[in-house]
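Below: one structure, written as structure tokens.
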Number of protein chains: 2
Amino acid sequence: MASSIHDLARHLNISIGTVSRALNGRADVNADTRQRVLDAAAKLNYSPNQSGRSLRRGATHSIAFMLQPHPGDQQYGEPFFIPFLTGLQAKLAESGLDLIVVMGAPGDYQQERLRRVVETRRADAVVLAWTRREDERIDYLTRVGFPFATLGRSRSGGKSYPSLDLDFEKAGAEAVDRLVARGHRRIAAIRPSLNLNFGYLFLAGYRKALRRHGIEVDPGLIADGFINEAGGYGVTPQVMRSKDPPTAIIFNNDAMALGGCKALAEMGIKPGHDIAVIVIVDTPLCRYFSPALTGFRPPLEPMGRRLAEMLLASIPAFAGPEGARIIREVWPLELIARDSD
Amino acid sequence: MASSIHDLARHLNISIGTVSRALNGRADVNADTRQRVLDAAAKLNYSPNQSGRSLRRGATHSIAFMLQPHPGDQQYGEPFFIPFLTGLQAKLAESGLDLIVVMGAPGDYQQERLRRVVETRRADAVVLAWTRREDERIDYLTRVGFPFATLGRSRSGGKSYPSLDLDFEKAGAEAVDRLVARGHRRIAAIRPSLNLNFGYLFLAGYRKALRRHGIEVDPGLIADGFINEAGGYGVTPQVMRSKDPPTAIIFNNDAMALGGCKALAEMGIKPGHDIAVIVIVDTPLCRYFSPALTGFRPPLEPMGRRLAEMLLASIPAFAGPEGARIIREVWPLELIARDSD
DNA sequence: CGTTTTTCCGTAAACGTTTACGAGAACACA
DNA sequence: TGTGTTCTCGTAAACGTTTACGGAAAAACG
């Protein structure tokens, strides 16, 4: 059924060594025989057995991305990742690498699955997302010396790995600036629980900007919830029930904003009219919601491509002649003004 | 760095054969030595090299799911799949199988990536989604005899593979019934372009129900668009500009409904008030939208688990003593009545 | 005690690659 | 003609497993 290198060799009456060399484009093979091998490979529909190749090479030539459903009800998570993965996969494919996405079980935060990928040597490197402020996955990977890169920063692991992040701190501050310029003084911030780093960064920017404007930070206007619709829905009434309610809310996430707007609607409060709403991470949902939500758009597909480059550059085996180097980048978020603030 | 079976053997002063047999739980190994091997494995942090194992066994013990971004602008696609994959992965893990998700490039409809997975023997079977009415992927897989299962039906490939689908036809009819019972006669249907089978099935149910109620099917009330927000946004005005506009719209998809509602809002038409809206595939988006959209909820996580079972049952190597059998199921969709109709 | 059976383990081949090594042939050069 | 170089290819080992086979030791049985 599946043709191997032996089949080719037998078919052409040459040795398997020569076939392999021809296929791999090595110099010490006659141009004529190489062509015959290539032709035969096409004819017999040969393609190399990954297991055999990986075993011999000691490398799988594939990169794993850990996709993690979050705990909470109804996990419809992360449309966010699709364009990122598209970019990642496109760039990896250019270097002949495969991208595989590994699903974790909800809740265990990937530790078990990550160990499995690393220990069974299923991939040569891994890409992590949803970085936390202190991230045990990063600790683990640095400890065992497994190559990886992260979408998002963390305090764990020092500067030993490539990372690409968005400037949530600046976005948080910019959102506050914008709202203050429009006359708001009571501004709420709603972010995901779990100590996801982007929630932390966002809040840092929010706080800093408020102080800069001479506005006291009111803990009653800051709330955490699950990073989904239910979370936003559940937590928004909390801040609205403050004795001096906010006139504006910044949501960290589109799903939380959707849930929050639902809660507001049920309280008879109209976003964009009775209250200003800004979303930090914009998605098509924000654009097509009514009112269209002002937000900061992440260039996800380019980010995927870039992180692939950065990861490859950090691995000696894949880095070009200039040698391995660790690159860390923080990209700006661009505000898309719409109708909700 | 990575310890192999040879390391264990050397460490314990026994042969690698015995180590392997002990690890794999074979009968012909002394209980005492087995325990010693297990202890040593834990101590040396041994875990088997996947490539070596796959090469020898001729099986990878992993299942691939093809995740495909659709063509169109901004691909944020498919929160839909996360809970499905969660269920799939959970069930596969129970049998010691790994789930890997393979990303395709947008546009090529997976053919290239699929071939790659199959030919390099990266997985023992594959799970397909977004089945089309005539599906070249299914033709290909049946032709080469590679095991697979599909989420969704297709006319391709006969009954040679397990499939699990939702009863979109019945849902389409039920939506029409419900709207007619509420006095509607002009009912539009908006579904994805591409010949995705669920769009076809939905429309079949819609047509049948209309006829049953003695309502003529008006082609001007049926429209296709990209299966995302932009698609719904673009196509909804078309049906509304009909000389006898609809009083109700059934959307095939939540993202299309979101875009459609945006278009309606811009025309000054309020869903749930001026026009009835029903969504066939419900997601949290529908629940938290204002007005909350009536829709049919798919039990995604159980579907993932079930399809895993069905796939395993169809593969001789994995099927139990009762032998391989092909199971095909169509599950009902449950209507969740909300405020939009 | 002799024979048979059982228990346990070592040996070695095999899975499909890649690659270091060496050798034969052709060629160049003196 | 002798020596050295270049081209091209075959041989065989290696990657980490699993497993068929056989054999030694122990146990069972008469």
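Throughout, protein chains are lettered first and strands after them, A, B, ... in sequence-line order, and every chain is numbered starting at 1.
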- line: OG1 (B:T18) and CG (B:L12) are apart, to the nearest 0.5 Å, by 10.0 Å
Dump every N/O contact between nucleotides 20-28 of chain D and the protein below 3.5 Å, one line per pair.
residue	atom	partner	partner atom	Å
D:dA20	N6	B:R21	NH1	3.3

query: Quick one: is C:dG10 close enough that its OP1 or OP2 comes under 4.0 Å of any side-chain N or O from B:T18?
result: yes
field: Below 4.0 Å: OP1/OP2 of D:dG16 and any side-chain N or O of B:S4
entry: no
message: Can you tell me whether the side chain of A:R56 and the base of C:dT17 have a donor-acceptor pair closer than 3.5 Å?
response: no
message: I want to confirm an ordering. Mapping A:H6 and B:I14 to their closest nucleotides on DNA chain C, which one lands closer to the 5' end?
response: B:I14
Ring-face cation contact, A:Y161 with A:R328, 6.0 Å cut, 45° max: yes
query: Sub-3.5 Å donor-acceptor pair from the side chain of B:N197 to the main-chain atoms of B:R153, do we have one?
result: yes
Of the listed nucleotides C:dC15, D:dA12, D:dT8, the one nearest the side chain of A:I16: D:dA12
- line: Of A:V102, A:V126, A:L99, A:I100, the one forming a side-chain contact (heavy atoms from CB on, under 4.5 Å) with A:F65 is A:L99
task: Grab the two heavy atoms, one from A:T131 and one from A:G152, that are nearest each other, plus how far apart they are.
output: OG1-C, 3.2 Å
- request: Identify whether any heavy atom of B:S20 sits under 4.0 Å from a base atom; if not, whether one sits that close to sugar-phosphate; answer base, sugar-phosphate or nothing.
  value: base
- prompt: Among D:dC9, C:dT18, C:dG16, which is the nearest nucleotide to the side chain of A:R57?
  reply: C:dT18
- request: Determine: side-chain N/O of A:N49 to OP1/OP2 of C:dT17, distance under 4.0 Å, yes or no.
  value: no
task: Answer yes or no: does a side-chain N or O of A:T33 lie under 4.0 Å from OP1 or OP2 of D:dC9?
output: yes
statement: Scanning both residues in full, the closest heavy-atom pair of A:R21 with A:R34 reads O-NH2, 4.0 Å
message: Which nucleotide wins on minimum distance to the side chain of B:N24, given the candidates D:dG16, D:dT18, D:dA12?
response: D:dT18
query: When only distance counts, do a donor and an acceptor, one from the side chain of A:R53 and one from the base of C:dT17, lie under 3.5 Å apart?
result: no
- request: Would you kindly say whether A:T60 and A:D124 are connected by a side-chain donor-acceptor distance under 3.5 Å?
  value: yes
